[in-house]
J.: 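Mind having a look at this structure? Questions to follow.
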Amino acid sequence: MASTMAAIAPVAVRPMASTPLKQAKNTFAARTVSNGSIKKVSAMQVWTPLNNKMFETFSFLPPLTDGEISRQVDYIVRNGWTPCLEFADADHAYVDDTSTIRLRGNAVPLYYDNRYWCMWKLPMFGCTDGQQVLREIQNCRRAFPDAYIRLVGFDSVRQVQVAGLLVNRPASVRDYQSPSTRSV
C-alpha cells in the first residue's frame, strides 16, 4: 500500500497571481444582470400556460398551406429521413391522464414520453418522392377529417425522430391562438 502511494505523482498547484483581480465599479449595471437594452427587455413576453395548446415545430403558426407542407416534405425526403403519418382525434391529441402512459410525474405540455398517436399505414421506408407523402396526407385527411394529423421524420442512422409538424387541424376545433395572444 505504501509503495503504491509513493508511485503516485503529486498534483501540481498553480501559484496565485501576485496582482489582485480587478474589482467591478460599484454601479447599478455592475451589480445587476442585464438581458440587453431596455428596448429588448420590454419586447420580451411571458408565455401563458392557460389554454395555450401547442404541438411540434411550427404549431405556433397558423395552419400550414399545402405548398408549405410540400416544402417540409421535400426537406425530410431530401435528407433521407423516413416520413411517417400519425393521427389522433381531438380528445386524445393533447397530453392528459387518458392519452399518456406516464412513467414519472404529471403530464405536461410537450411531454411525449409514451404518448402515441395512431399510425397511418406503415412508415414510408425508402421514400424518395415527396408527392407520394403528399398523396398519403390527402388520403388520411379524407379518411379522418376530424383528426389531427402530423408528419414525423425518422433518421435511421441516429435512430431518432428528427422532424415533426402538424399537417392537419380539424376544422371543428378552435385551439389555435395567434402568437400575440399566447404571451403576456
J.: Answer yes or no: is there a side-chain heavy-atom contact under 4.5 Å between Ile137 and Asn168?
T.: no
J.: For residues Ala90 and Tyr148, report the shortest heavy-atom separation together with the two atoms involved.
T.: CA-CE1, 3.7 Å
J.: Hey, are the side chains of Phe154 and Val162 touching, using non-hydrogen atoms and a 4.5 Å cut-off?
T.: no
J.: Mind checking the NZ-CD spacing from Lys121 to Glu136? Nearest 0.5 Å is all I need.
T.: 3.5 Å
J.: Going by heavy atoms in the side chains, are Cys84 and Met119 under 4.5 Å from each other?
T.: yes
J.: Restricting to non-hydrogen atoms, name the atom on Asp146 and the atom on Ser172 that form the minimum distance, rounded to 0.1 Å.
T.: OD1-OG, 4.0 Å
J.: Sequence neighbours left out, what passes side-chain contact (heavy atoms from CB on, under 4.5 Å) with Arg135? Give chain and number order.
T.: Asp129, Gln131, Gln132
J.: Counting C-beta onward and ignoring hydrogens, is there a side-chain heavy-atom pair between Ile149 and Arg141 closer than 4.5 Å?
T.: yes
J.: OG/Ser156 to CZ/Phe125 distance, rounded to the nearest 0.5 angstrom?
T.: 9.0 Å
J.: Less than 3.5 Å apart, which donor and acceptor atoms pair up between the side chains of residues 68-77 and the rest of the protein, not counting sequence neighbours?
T.:
unit_1	atom_1	unit_2	atom_2	d
Glu68	OE1	Thr65	N	2.8
Glu68	OE1	Thr65	OG1	3.4

J.: Any non-hydrogen side-chain atom of Cys127 less than 4.5 Å from a side-chain atom of Val133?
T.: yes
J.: Could you state the interatomic distance from CG (Leu122) to OG1 (Thr82), rounded to the nearest 0.5 Å?
T.: 11.5 Å
J.: Rounded to the nearest 0.5 Å, how far apart are CE of Met124 and CG of Leu85?
T.: 4.0 Å
J.: Which of parallel (below 30°), tilted (30 to 60°) and perpendicular (above 60°) describes Trp120 and Phe144?
T.: perpendicular
